Number of protein chains: 2
Amino acid sequence: MNEQKRPATRAEEIRQAIEGEIFQGSLRPGSRLDEESLAARFGLSRTPVREAILQLVHSGLVVKKPRQGAVVAPLDLHRMVQLFEVMSEIEGLCARYAARRMSPDEKGRLAELHAGGVSLREAHDLDGYYALNRAFHDAIYDGSHNDVLREMARSLFARLAPYRRYQLNHPRRIEGSYAEHGEVLAAIQAADPDQAQAAMRKHLTIQADIFAEFVSIMS
Amino acid sequence: MNEQKRPATRAEEIRQAIEGEIFQGSLRPGSRLDEESLAARFGLSRTPVREAILQLVHSGLVVKKPRQGAVVAPLDLHRMVQLFEVMSEIEGLCARYAARRMSPDEKGRLAELHAGGVSLREAHDLDGYYALNRAFHDAIYDGSHNDVLREMARSLFARLAPYRRYQLNHPRRIEGSYAEHGEVLAAIQAADPDQAQAAMRKHLTIQADIFAEFVSIMS
DNA sequence: AACACAATTTTTGTATCCAAATTGCGGTTC
DNA sequence: GAACCGCAATTTGGATACAAAAATTGTGTT
């Protein structure tokens, strides 16, 4: 990755660390987050740990009952459906605005990004494609030229991150995802808002379907 | 008002208090939020005050630079435009889903709520209409039957609250707003998603225009 | 008189300490 | 033997104490 911003505060530092562990999967949904043990692990006191946990609660990755501690947000099928539903709308809006507002230069960089993924697709490099996928979507959030919308999309993306890895194991999912990205890209390059929005919504809907499939298998 | 939930934690308590002061206008955009003086005012220590401020930072009502304290989010025209833009899309989506998903009972209550506002409109009761407006929009957020979307809409509504009061002073704005609500309600009762979404977006766009008008006057 | 540097002061970030609440275990009683 | 009440232990919420960083002010020099 590249998140080398070196946070100015310890709380932010360990927030990123915990978030990373949730994304990576070492902290599974439902895991309890004990303030004291986390403080010990990071060599800090409970205060910055508490702040970090609060941040994660607000981002939706962690839930916390008043006097009962914090746990990584458990997998709730109903909530997941709602998240995917909103995500498809928000990303669709990003794509719509991006089609209208991205500069030729931005569109060029997006196209390069996408083209650079061919090798990842053919090598079936899951981790590599995961990073590309994130970068591609992020570029479109930026392309909306609306910071509020972009932050919303990023927040939703992060909330879904712990579950998103499931669906990338689906057979031939990389090829499908790559092709769908291509459709979105083409619509953006053609400056066709309706088509871009529709293509992006379809892309997200497929992801939701695959996720639902996985959930139904696991239960 | 009516928010009588009696929060279980002091931090949540003063978060609501500070938020209320921002909404009401006694804490103006740009005002510095000093932890110590706030703690003294509420008779608490800095710890819950810090938590409350973190909550507000996350909701977007307050901005905070790393070692430089927190201030009520200043009025930034560019950011405001973006907020209204996203708000119109999100509320439009709420109306769309509401048209599809609200039960006859829910639609009935929404209609009653709206009908009960006639007296407020004719009396030009600003505070009363402000409360009705909030309740009307909130009912539609609920009507989307999507908790994620509803929370997003509520968060955006809160972020715009400090500025919303400006536009209600606009001449004949109550009548216009009430009529637009009527159009949204009719579309929802007719279970017409496209029309509901369009009517709601128009309602929000008008608000944005009036706000922009005020901003241009003030600058 | 103006600019620059340094010290002081103010304020935030972190650590430690205390209180309050929930949970689990054990004993007692029906 | 089972259920209920109560106590203790663990854990979170809040308070206080300490450290570090930034802003301001004052002084000295140019």
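Excluded from the calculations below are hydrogen atoms, water molecules and symmetry mates; all remaining heavy atoms, backbone and side chain alike, are included. What you see is a predicted model; the values in this text were computed from it and never measured. Chain letters run A, B, ... following the sequence lines, proteins first, then strands; residues in each count from 1.
The B/Pro48 side chain lies nearest to D/dG14 when the options are D/dG14, C/dT12, C/dG13. The side chain of B/Arg46 lies closest to C/dT14 when the candidates are C/dA21, D/dA15, C/dT14.
At the phosphate of D/dA23, OP1 or OP2 sits under 4.0 Å from a side-chain N or O atom of B/Gln68. Considering only side-chain N and O atoms, A/Arg32 lies under 4.0 angstrom from the phosphate OP1 or OP2 of D/dT12. Using a 4.0 Å cut-off, no side-chain N or O of B/Lys64 falls inside it from OP1 or OP2 of C/dT11.
By the 4.0 Å N-to-carboxylate-O rule, A/Arg101 lies close enough to B/Glu85 to be salt-bridged with it. Using a cutoff of 4.0 Å between basic side-chain nitrogens and carboxylate oxygens, A/Glu91 and A/Arg201 are not scored as salt-bridged. Between B/Arg15 and B/Glu12, at least one side-chain N (NZ, or NE/NH1/NH2) sits under 4.0 Å from a carboxylate O, which counts as a salt bridge.
Within 4.0 Å (heavy atoms only), A/Glu35 reaches sugar-phosphate atoms of the nucleic acid but no base atom. Among the heavy atoms of the strands, none lies under 4.0 Å from A/Ala70.
Separating the CD1 atom of A/Ile53 from the P atom of D/dT11 is a distance of 13 Å, rounded to the nearest angstrom. Atoms CD1 (A/Ile14) and P (C/dG13) sit 14 Å apart, rounded to a whole Å. Separating the CZ atom of B/Arg67 from the P atom of D/dA22 is a distance of 7 Å, rounded to the nearest angstrom. Here C/dT11 presents its C1' atom at 13 Å from CG of B/Leu38, a figure rounded to the nearest Å. Between the P atom of D/dA15 and the CD atom of B/Glu51 lies a distance of 11 Å, rounded to the nearest Å. Remark: C1' of C/dA21 and CZ of B/Arg10 are 14 Å apart, rounded to the nearest angstrom. Taking atom CZ of B/Phe42 as the reference point, atom P of D/dA15 lies 13 Å away to the nearest angstrom. Rounded to whole Å, the distance from CD on A/Glu12 to C1' on C/dG13 is 13 Å.
A/His124 places no side-chain N or O within donor-acceptor distance of the main-chain N or O of A/Leu120, the cut-off being under 3.5 Å. A donor-acceptor pair is defined here as one N or O able to donate and one able to accept, closer than 3.5 Å; such a pair exists between the side chain of A/Glu106 and the backbone of A/Ser103.
Taking for each of B/Thr47 and B/Glu36 the nucleotide of DNA chain C with the nearest heavy atom, the 5'-most of the two is the partner of B/Glu36.
Below the 3.5 angstrom threshold, one finds no donor paired with an acceptor across the side chain of A/Arg50 and the base of D/dG14.
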